[in-house]
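This chain uses plain numbering: 1 for the first residue, then up along the sequence. Just the heavy atoms: all of them, side chains too, but no hydrogens, waters or symmetry mates, feed the values below.
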Amino acid sequence: MKTRKVTLVELQALAHSFAQKSSPLGKRAKIVGLIGELGAGKTAFVKEVAHLLGVKDTLTSPTFVIEKIYPLKGKQFKKLIHIDAYRLSEGKELT
């Protein structure tokens with residue numbers, strides 16, 4: 001199956017739609033997994049969602065630090081946690 005690259009404008013529109021429709025599940029966190037090759041646009045998507053949620057910090061891929069946490073004020077979520085599990089081989093490495 002042949003795939004096509006998504007443009008930045010399409011990625012931003014997708015992130016906007018996602019951010020508008022996202023809400024926490026009760027008082028629990030919402031976990032979203034993005035899967036793709038290096039350079040597929042995962043971090044670009046998270047950057048746009050973070051921007052739409054009001055994150056003012058410069059968002060970069062947490063490849064080397066594994067996790068970055070961004071507090072959110074006045075939004076449907078308390079924080080955005082961006083995890084890059086690329087270098088992990090087991091889930092228990094996150095704890």
Side-chain angles (χ1 to χ4, degrees):
M1 181 168 83
K2 190 173 183 177
T3 60
R4 74 172 182 85
K5 291 192 177 212
V6 176
T7 68
L8 184 55
V9 171
E10 290 171 318
L11 189 70
Q12 289 170 332
L14 194 65
H16 186 77
S17 175
F18 173 80
Q20 282 186 323
K21 294 176 184 174
S22 290
S23 61
L25 304 170
K27 293 187 177 196
R28 301 171 63 192
K30 181 175 227 173
I31 299 172
V32 177
L34 302 176
I35 300 170
E37 298 294 323
L38 293 172
K42 301 176 299 291
T43 297
F45 179 83
V46 175
K47 280 182 180 183
E48 188 64 21
V49 170
H51 170 74
L52 293 166
L53 292 174
V55 173
K56 302 291 184 211
D57 298 342
T58 300
L59 194 133
T60 59
S61 177
T63 301
F64 299 105
V65 295
I66 308 295
E67 169 187 272
K68 290 186 179 180
I69 300 173
Y70 303 93
L72 303 173
K73 295 183 181 183
K75 299 293 179 180
Q76 66 267 41
F77 299 99
K78 292 180 182 178
K79 55 189 159 187
L80 170 69
I81 302 173
H82 185 194
I83 297 172
D84 187 331
Y86 176 75
R87 297 183 302 129
L88 304 181
S89 57
E90 296 181 348
K92 67 183 180 182
E93 292 180 73
L94 285 171
T95 58

**Report entry** Residue pair T43 / K47, side-chain heavy-atom distance below 4.5 Å
**Finding:** yes
Query raised in the report: Got L72 and K78 here, is their nearest side-chain heavy-atom distance under 4.5 Å?
Result: no
Query raised in the report: Do the side chains of Y70 and K79 get nearer than 4.5 Å, heavy atoms only?
Result: no
Report task. Measure from the side-chain N and O atoms of D84 to the backbone N and O of Y86, and report whether any donor-acceptor pair falls under 3.5 Å. Result -> yes
Query raised in the report: Is it true that F77 and V55 fall in one hydrophobic cluster, defined by side-chain heavy atoms closer than 4.5 Å?
Result: yes
Query raised in the report: Roughly how far, to the nearest 0.5 Å, is the CD atom of Q12 from the CG atom of L52?
Result: 8.5 Å
Requested in this report: Indicate whether any N or O donor in one side chain lies under 3.5 Å from an N or O acceptor in the other, for Q20 and S17.
Outcome: no
Query raised in the report: With the 4.5 Å side-chain cut-off for hydrophobic clustering, are V65 and I69 part of the same group?
Result: no
Query raised in the report: Hey, does L34 have a side-chain heavy atom less than 4.5 Å from the side chain of V46?
Result: yes
Requested in this report: Please check if the side chain of K42 supplies one atom and the backbone of E37 the other of a donor-acceptor pair under 3.5 Å.
Outcome: yes
Report task. Show the numbers, then the answer: is there a side chain to side chain contact (heavy atoms under 4.5 Å, CB included) between L14 and V6? Result -> CA-CA 10 Å; L14 194 65; V6 176; over 6 Å; no
Report task. Could you state whether V32 and L53 fall into the same hydrophobic cluster, counting links through intermediate Ile, Leu, Val, Met, Phe, Trp or Tyr residues with side-chain heavy atoms under 4.5 angstrom apart? Result -> yes
Requested in this report: For residues H82 and P62, determine if any side-chain heavy atom of one lies less than 4.5 Å from a side-chain heavy atom of the other.
Outcome: yes
Query raised in the report: Would a hydrophobic clustering, with Ile, Leu, Val, Met, Phe, Trp and Tyr connected at side-chain separations under 4.5 Å, put V49 with L11?
Result: yes
Query raised in the report: Does K68 reach the main-chain N or O of I83 with its side chain, forming a donor-acceptor pair under 3.5 Å?
Result: no
Query raised in the report: Is there a chain of hydrophobic side chains (I, L, V, M, F, W, Y, each step under 4.5 Å between heavy atoms) that links F18 to L80?
Result: yes
